[in-house]
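Note sheet for the following structure.
What you see is a predicted model; the values in this text were computed from it and never measured. Within every chain, numbering begins at 1; the chains are lettered A, B, ... in the order of the sequence lines, protein sequences first and strands thereafter.
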There are 2 protein chains.
Amino acid sequence: MAQPSGEARRRPSMDDVARAAGVSKAAVSKVIRHAYGVSPEMRDRVERTIAELEYRPRVAARVMRGQSFTIGVEIPNLGNEFFTEVMAGASSKLRGSPYQMIIAPGLGDGRGAQVLESLSDRQVDGMIAISPGVSSEWLERLGEEIPMVMLGRHDRAISYDTLTNDDALGAELAVSHLIERGHQRIAHLTISSDEESWPRTPHGIRHRAYIDTLEARGLTPVVSTCEYSSASAYAAGRELIASGQITAIFVGNDALAIEVLRALADLDLTTDSVAVVGYDDIPLASHPRISLTTVSQFGRHMGALAIELLLERIVGGRTDSRHEVVTPELRMRASSAAPAPLLN
Amino acid sequence: MAQPSGEARRRPSMDDVARAAGVSKAAVSKVIRHAYGVSPEMRDRVERTIAELEYRPRVAARVMRGQSFTIGVEIPNLGNEFFTEVMAGASSKLRGSPYQMIIAPGLGDGRGAQVLESLSDRQVDGMIAISPGVSSEWLERLGEEIPMVMLGRHDRAISYDTLTNDDALGAELAVSHLIERGHQRIAHLTISSDEESWPRTPHGIRHRAYIDTLEARGLTPVVSTCEYSSASAYAAGRELIASGQITAIFVGNDALAIEVLRALADLDLTTDSVAVVGYDDIPLASHPRISLTTVSQFGRHMGALAIELLLERIVGGRTDSRHEVVTPELRMRASSAAPAPLLN
DNA sequence: ATGAAAGCGCTAACAG
DNA sequence: CTGTTAGCGCTTTCAT
């Protein structure tokens with residue numbers, strides 16, 4: 001049975017293995033790194049001892065001299081299925097590689113930099129992040145220290161890679177679709193952020209494209225903003241619906257759009273009264289009970305692609321930056337029916 | 001502007017700070033650890049230099065001597081909202097503490113131990129995990145090395161804490177509710193696992209309670225199992241519904257229940273034909289389009305509680321184990337209507 | 001092919 | 001109150 005707890009057992013070190021196997025630490029090190037210069041017999045002996053002692057190298061000690069074999073991923077919000085899809089894509093791409101992924105959840109509001117710093121303090125071999133609210137100057141400096149790929153940033157960085165979808169196209173697809181369905185009074189619900197970075201964030205670009213598409217058709221934009229929370233999206237959506245002035249809402253992303261559907265239902269309305277279109281195509285959007293028209297940006301694929309780019313830097317040694325853009329696609333579902341007569 | 005990329009800048013070390021400030025490393029160390037024995041002037045000078053050089057201690061070097069100020073969390077599946085709720089609760093509890101949380105996503109099937117090991121290799125100061133598929137002997141050994149709290153394990157461990165909800169009660173609440181609603185032919189859709197551990201996993205216990213509750217009322221159990229995936233749950237749910245032999249399904253958790261709702265809708269049926277009850281009360285369950293009757297086990301609260309238990313060990317030095325049980329509550333919603341006449 | 005030794009950046013005794 | 005010193009467990013030249 002287990003020993004009395006509290007007496008923390010010390011785990012074996014490389015020295016213990018070396019001693020037990022009657023070889024040098026260097027030999028053990030070579031064996032675990034699959035490095036050259038070890039005879040089959042030695043390898044065998046060492047591996048046997050490692051198994052016997054259940055030895056596992058400590059990452060920290062390893063990091064002091066070499067790599068951590070760790071990829072850090074910063075994710076602003078665990079509750080948004082789009083992000084978890086990206087993680088899933090990344091995770092599956094990493095399978096079979098010696099790299100392990102750790103996720104650092106965001107701290108909300110403008111604290112994205114803190115999370116990136118803490119990942120860097122851990123000396124991950126590379127990182128993937130989704131941090132719209134960090135200045136590109138700051139990121140450029142971080143990118144010089146550590147391989148990095150940023151998702152959803154439209155800046156042409158030189159020290160790190162970016163991976164986005166064509167947000168302008170996606171928003172245009174969404175809005176054009178509503179117009180083609182016959183909608184004239186289309187609102188946009190988006191996430192507010194600071195004036196400074198806003199125009200280059202995904203939401204800022206979608207917003208711009210929404211405005212442009214409407215104006216090109218001579219229609220009037222109606223913009224409402226909310227914070228990045230279910231409650232805020234619900235409230236803003238409800239207000240928009242209750243105004244009775246619109247027949248459709250293009251929402252900044254699916255997670256928020258689903259809150260708008262909630263508000264709609266709470267007002268005893270359906271998407272036949274007010275059409276709703278989202279962005280991301282999270283798995284839930286295809287659920288028949290939700291059936292949300294949306295724009296797919298292929299989250300899983302983006303996650304996998306991000307890992308590819310990162311490994312090109314880490315393993316392949318690439319140092320020039322790449323900027324990949326994924327082409328989004330419209331997913332037509334039941335939430336974007338043709339407009340009913342205006343409520344008032 | 002940024003330097004040419006590729007020329008990775010070396011980040012300053014404690015030595016650099018000491019040199020620049022004209023003091024010893026020890027002094028710098030004391031300042032960043034807020035340790036005793038530093039004069040205000042020295043503290044001031046060092047802090048100024050730290051800010052100037054933008055110095056941040058490297059976690060790895062720190063770990064070699066002391067703590068990592070990191071809490072590792074193992075989560076089997078990022079896509080399940082219940083788990084992300086637990087994370088959110090944990091994360092909010094950690095705010096303001098010097099500890100940072102990192103999440104290691106599960107690798108699927110029986111590879112839970114691997115993730116725990118890799119967290120331990122990183123020498124996190126403590127860890128929280130949801131690993132039903134790991135033997136308790138193995139966990140006891142790990143618990144002797146590192147403070148640990150396990151969620152959803154019903155074993156009375158001695159080297160680690162456990163935190164569960166009363167799964168037997170929860171399942172009984174769910175099944176009794178269906179019986180009271182008038183259902184007689186109630187199926188159970190659950191997640192299969194190895195014979196060995198199954199009876200002590202949350203799903204095993206819910207299954208047992210389901211059987212017992214039905215039999216106590218003289219009703220016949222109908223059990224279907226699936227794997228931990230949307231597709232598998234969908235298929236199993238669809239088959240159960242198509243059989244036409246049941247009027248209600250108690251599903252092992254909400255994520256799977258939502259797939260059953262999907263199958264139901266795809267068969268052009270509603271919960272008026274086949275009632276559905278889940279487990280967990282994820283945020284989506286309360287969405288009016290879903291309105292899933294379920295059993296709440298207060299995920300956010302559990303996450304926060306897990307951190308509390310862990311900090312008692314890490315900071316407070318507690319070494320005896322605690323085993324907390326949360327009392328679940330039924331959440332009645334529209335998905336558990338009274339039964340319609342049998343289909344065949 | 002193998003091992004000895006230096007050192008990564010920090011913390012913790014211990015001296016002064 | 002401050003600085004010196006000895007490691008923590010690895011990787012990596014560099015001899016042998």
- Query: For the side chain of Ser120(B) and the backbone of Ser118(B), is there at least one donor-acceptor N/O pair under 3.5 Å apart?
  - Reply: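 Flag not set: sc Ser120(B) to bb Ser118(B) has no pair under 3.5 Å.
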- Under 3.5 Å, is there a donor-acceptor pair between the side chain of Arg111(A) and the main chain of Gly106(A)?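 Looks like no, no N/O pair under 3.5 Å.
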- Query: Of the residues in residues 55-67 of chain B, which ones touch DNA chain D at a heavy-atom distance under 4.0 Å?
  - Reply: Met64(B), Arg65(B)
- Message: If the condition is side chain to side chain contact (heavy atoms under 4.5 Å, CB included), which residues does Glu47(A) pass it with, not counting sequence neighbours?
- Response: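 By the side chain to side chain contact (heavy atoms under 4.5 Å, CB included) rule, Glu47(A) matches Val31(A), Arg43(A).
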- Message: Going by the rule side chain to side chain contact (heavy atoms under 4.5 Å, CB included), which residues pair with Ala20(A) if we only count those two or more places apart in sequence or in a different chain?
- Response: Thr49(A), Leu53(A)
- Pair Asp320(B) + Arg313(B): basic N to acidic O under 4.0 Å: no
- Residues Glu312(B) and Arg322(B) bridged, charged N to O under 4.0 Å: yes
- Query: First and last nucleotide of DNA chain C in contact with chain B, 5' to 3', at under 4.0 Å to a heavy atom: what are they?
  - Reply: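 Endpoints of the contacted stretch of DNA chain C: dG9(C) to dA12(C).
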- Item | DNA chain C contacts among residues 23-37 of chain B, heavy-atom distance under 4.0 Å |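 The answer is Lys25(B), Ala26(B), Ser29(B), Ile32(B), Arg33(B).
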Show me, pair by pair, the donor-acceptor contacts under 3.5 angstrom made by side chains of residues 302-311 of chain B, not counting sequence neighbours?
| from | atom 1 | to | atom 2 | distance (Å) |
| --- | --- | --- | --- | --- |
| Glu308(B) | OE2 | Lys93(B) | NZ | 2.9 |

- Roughly, in whole Å, what's the span from CZ in Arg45(B) to P in dC1(D)? 15 Å
- Side-chain donor-acceptor contact under 3.5 Å, Asp161(B) with Ser321(B):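 Distance-only check fails for Asp161(B) and Ser321(B).
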- Query: What residue among Val73(A), Ile103(A), Ile102(A), Thr84(A) forms side-chain contact (heavy atoms from CB on, under 4.5 Å) with Pro105(B)?
  - Reply: Ile103(A)
- Message: Side chains of Glu74(A) and Ile130(A), heavy atoms from C-beta outward: is any pair under 4.5 Å?
- Response: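 Yes, close enough: below the 4.5 Å cut-off.
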